[in-house]
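What follows is a single structure, written as structure tokens, with notes after it.
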Amino acid sequence: MPSQQVQALLPSEKHPFGKCNAVLVHYTVPSGSNTVAVAQVRTIFAFSSRGSPLPSELSRPFLYMEYFAFTATPADQPEVGMYTIHRMFVDNRDGRRSRVGAIISLLDVIHAVELIPKYGVAANRQVTSETCLKLYDKFYLNNFSDKEWHYTIHHDYVV
């Protein structure tokens with residue numbers, strides 16, 4: 001697989017919500033079993049090597065991710081032929097909803113992915129390619145972006 005670049009840029013004039021790519025990652029469900037998940041990279045960071053030596057597991061880069069859940073498979077919607085995902089949320093004690101996130105090792109990333117917003121009846125005309133990941137919560141996982149990704153998702157990581 002060719003190397004890929006994943007971005008997690010701070011908000012700017014051009015990218016009002018930042019520019020945070022989506023990836024397929026190894027994921028451990030609460031019951032302890034392993035699977036894969038789609039997540040949006042929000043921050044990339046590493047601990048400083050200055051000072052006391054770090055344990056080896058803390059010396060590599062980490063990502064703060066916000067997760068999506070799979071809601072439909074290509075077989076469920078053959079007219080589209082893609083997986084459907086939605087953002088995962090948790091209800092806080094104060095009644096607000098927060099996105100489900102976690103810190104993972106960069107080594108848990110499998111592949112960069114492209115998401116297509118599920119517009120519903122009509123697309124919001126205010127949304128751009130720079131803002132759609134922030135303004136929508138339901139997406140199609142584009143498994144047609146390239147032949148390697150298509151093969152990977154359908155043969156190696158059938159969800």
Looking only at atom types and distance, does a side-chain atom of Q40 sit under 3.5 Å from a main-chain N or O of C20, one as donor and one as acceptor? yes
Using the rule that two of Ile, Leu, Val, Met, Phe, Trp, Tyr join whenever any of their side-chain heavy atoms come within less than 4.5 Å, decide whether I104 and V100 are in one cluster. yes
Determine, using the 4.5 Å side-chain heavy-atom cutoff (strictly less than), whether L106 and Y67 are members of one ILVMFWY cluster. yes
Please check if atom CD in E57 has more than 12 non-hydrogen atoms from other residues, nucleotides or ligands closer than 6.0 Å. yes
Distance col, row D137:CG vs I85:CD1, nearest 0.5 angstrom, shows 11.0 Å
d(Y83 OH, D76 CG) to nearest 0.5 Å is 9.5 Å
Give the minimum heavy-atom separation between V113 and V23, together with the two atoms involved. CG2-N, 3.7 Å
Taking C-beta and beyond as the side chain, do V38 and L115 meet within less than 4.5 Å on heavy atoms? yes
Side-chain contact, heavy-atom cut-off 4.5 Å: V41 with M65? yes
How long is the straight-line distance from OG of S98 back to CZ of F89, given to the nearest 0.5 Å? 9.0 Å
List the atom of A72, the atom of Q77, and the distance in Å for their closest heavy-atom pair. CB-NE2, 3.7 Å
Does P61 reach the side chain of F45, with side-chain heavy atoms less than 4.5 Å apart? no
Taking a hydrophobic cluster as the set of Ile, Leu, Val, Met, Phe, Trp and Tyr residues connected by side-chain heavy atoms closer than 4.5 Å, whether directly or through intermediates, do M88 and V90 fall within one such cluster? yes
Output yes when a side-chain donor or acceptor of D94 lies under 3.5 Å from a complementary backbone atom of R96, and no otherwise. yes
Is there a side chain to side chain contact (heavy atoms under 4.5 Å, CB included) between Y27 and V36 once you walk through the steps? CA-CA 5 Å; Y27 179 72; V36 294; 5.9 Å; no
At their closest point, which heavy atom of F70 faces which heavy atom of A37, and how far apart are they? CE1-CA, 4.2 Å
State, yes or no, whether a side-chain contact exists between P117 and F139 at a heavy-atom distance under 4.5 Å. yes
So, for L58 and F47, which heavy atoms are closest and what is the spacing to 0.1 Å? O-CD1, 3.6 Å
To the nearest 0.5 Å, what is the distance between OG1 on T35 and NE2 on H26? 10.5 Å
Taking atom CD as the centre, does E13 end up with more than 12 heavy-atom neighbours from other residues, nucleotides or ligands that are less than 6.0 angstrom away? no
List the steps, then state whether side chain to side chain contact (heavy atoms under 4.5 Å, CB included) holds for F68 with L141. CA-CA 10 Å; F68 295 88; L141 176 59; over 6 Å; no
For T71, is there any backbone N or O sitting under 3.5 Å from a side-chain donor or acceptor partner on T84? no
Taking the side chain as every heavy atom from C-beta outward, state whether I116 and M82 have any atom pair closer than 4.5 Å. yes
Tightest non-hydrogen contact, residues K138 and H86, listed as CG-CB, 4.0 Å
What are the two closest heavy atoms between S48 and L54, and how far apart are they? O-CD1, 3.5 Å
Roughly how far, to the nearest 0.5 Å, is the CG atom of N21 from the CG atom of L63? 11.0 Å
